[in-house]
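Worksheet for the structure shown next.
Order of the sequence lines fixes the chain letters, A, B, ..., with proteins taken first and strands second; residue numbering starts at 1 for each chain.
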Protein chains: 2
Amino acid sequence: MARKTKADALATRAAILDAAEAVIEREGIPATTLNQIGREAGVTRGAIYWHFKDKEDLLDAMVARAAFPLDDLRAADARAETTDALDELRQFGEQALIRLAEDPHYRRVCRILLHGCVRLGRHHLFIAEEEAVKSNIHDALVRLFQKARDQGTLDPAINPELAAWSFGSYMRGLYSDWLLAPDRIDLAQSASAILGTYLNGVRARDDGNDAAR
Amino acid sequence: MARKTKADALATRAAILDAAEAVIEREGIPATTLNQIGREAGVTRGAIYWHFKDKEDLLDAMVARAAFPLDDLRAADARAETTDALDELRQFGEQALIRLAEDPHYRRVCRILLHGCVRLGRHHLFIAEEEAVKSNIHDALVRLFQKARDQGTLDPAINPELAAWSFGSYMRGLYSDWLLAPDRIDLAQSASAILGTYLNGVRARDDGNDAAR
DNA sequence: CTTTACATACCGGCGTGTATGTATATTTTC
DNA sequence: GAAAATATACATACACGCCGGTATGTAAAG
């Protein structure tokens, strides 16, 4: 072939990124070759090198396309000014798990970031990006747990900072574990129960004498 | 050099395995070359190919050296015949986290298995092994939660099977998350609180009328 | 003298990056 | 508005290095 129209070129670029996702999901980043990506996308390495500086640049663009539900979390935090913070947290967590179960694109990117050898070797470019996202998530979680404490729904024995870390790890573990064996559990259906058991543990126990307030 | 004594040879073998751990921890499995391992171990690839059939064989031997605390979990399950199952679970979890924080060897292997691209590409050999361990862990957890249910300490609304899965994911998330940023939290010190918040959520609430039994 | 425990040398393959070819879209010129 | 010039969007070909595997050398242990 030869030169395509501008729209065609953009489609090619997107196809390359899609192919990269698919191949990397199977093989992991270090084992993925530009040949495989090209074959999957139906182009040669020439096309890849035209659209991207090098392999690193391609990976960077691929990760950049992934949108994490950070906005949802922030929205939940904002709503929690007037609503039950722990309830917002449960709803957010449920939504995240359901999205993982039902959005194949999101699932692929999560698999790559969790099991794709992202932070080994010298892939410093997007680990900085992901680190920032993680840090933002943690901050939002801390704020939510602080609101819960102020609302009196958080068990006073629990440190909001630690709770945020623990909750984040719980979600990461659920993501990671489920992605290894997606068929073992109907995640969308169990999401509510899974989140519930955890949040039960951090919620203050109203031992009768709390109804007065 | 030339031929060493039998003990020397064993030491060389161990050095190669140690080096493999160290390099793979940094680079991940697919990006690790036998040259790097040899350099790290102070030998050439010749030595590696003498002790191991090929790369896969070396990796297999490396993973085989790692002992997972499956026995501890089974012991906890056995003790739970006469003790509080949820308490056994908490103690086991704490021990596991503390070991992760304090045993560098265990830490390395966990990092490799969690972030080393183990199950991508064609490393079928030891994913079978790890799959079996995981399955055993899950079974032991289910038994423990069932005991807790029988003992009346488990919230009756919670399904033991789901709880086992959820608890396993929680631990995996804690491992995975902490290994990414070990300095952010003093794991050994927080272990108790971290486990406590979770197990609080699954424990039956004795709303007064449970003291009779 | 044979076996062991490696080191060294060699080979085929593959992957990255780059240089070059080329047909077409787009722009420029008249 | 058609032809010429040029930039675009790739495909093809090439150079280079490195990696895994194997074949061979070799000095000391047994």
[X] and [Y] ion-paired at < 4.0 Å:
X     : Y      : value
B:R74 : B:D139 : no
B:D87 : B:R90  : yes
B:R26 : B:E40  : yes
A:R65 : A:D18  : yes

In this structure, how many angstroms lie between the [atom2] atom of [N] and the [atom1] atom of [X], rounded?
X     : N      : atom1 : atom2 : result
B:R39 : D:dC19 : CZ    : C1'   : 12 Å
B:L34 : D:dT22 : CG    : C1'   : 13 Å
A:W50 : D:dA11 : CH2   : P     : 12 Å
A:E56 : C:dG15 : CD    : P     : 18 Å
A:Y49 : D:dA11 : OH    : P     : 14 Å
A:D8  : C:dA23 : CG    : C1'   : 14 Å
A:K55 : D:dG17 : NZ    : C1'   : 15 Å
B:N35 : D:dC19 : CG    : P     : 5 Å

Tell me whether the OP1 or OP2 atom of [N] has a side-chain N or O from [X] closer than 4.0 Å.
X     : N     : result
B:H51 : C:dA5 : no
B:T12 : C:dC6 : yes
B:T5  : C:dT4 : no

**Prompt:** Between C:dG17, C:dT16, D:dA11, which one does the side chain of A:D54 approach most closely?
**Reply:**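 That would be C:dG17.
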**Request:** May I ask you to say what A:T44 touches in the nucleic acid, namely base, sugar-phosphate or nothing, with a heavy-atom cut-off under 4.0 Å?
**Result:**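 If one applies the 4.0 Å heavy-atom cut-off, A:T44 turns out to touch a base.
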**Prompt:** Mapping A:T32 and A:G46 to their closest nucleotides on DNA chain C, which lands nearer the 5' end?
**Reply:** A:T32
**Request:** Would you kindly check whether a donor in the side chain of A:R45 faces an acceptor in the base of C:dG17, or vice versa, at under 3.5 angstrom?
**Result:**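 Result: at least one qualifying N/O pair found.
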**Asked** Got B:H105 and B:E21 here, is their nearest side-chain heavy-atom distance under 4.5 Å?
**Response**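 B:H105 reaches B:E21 side chain to side chain.
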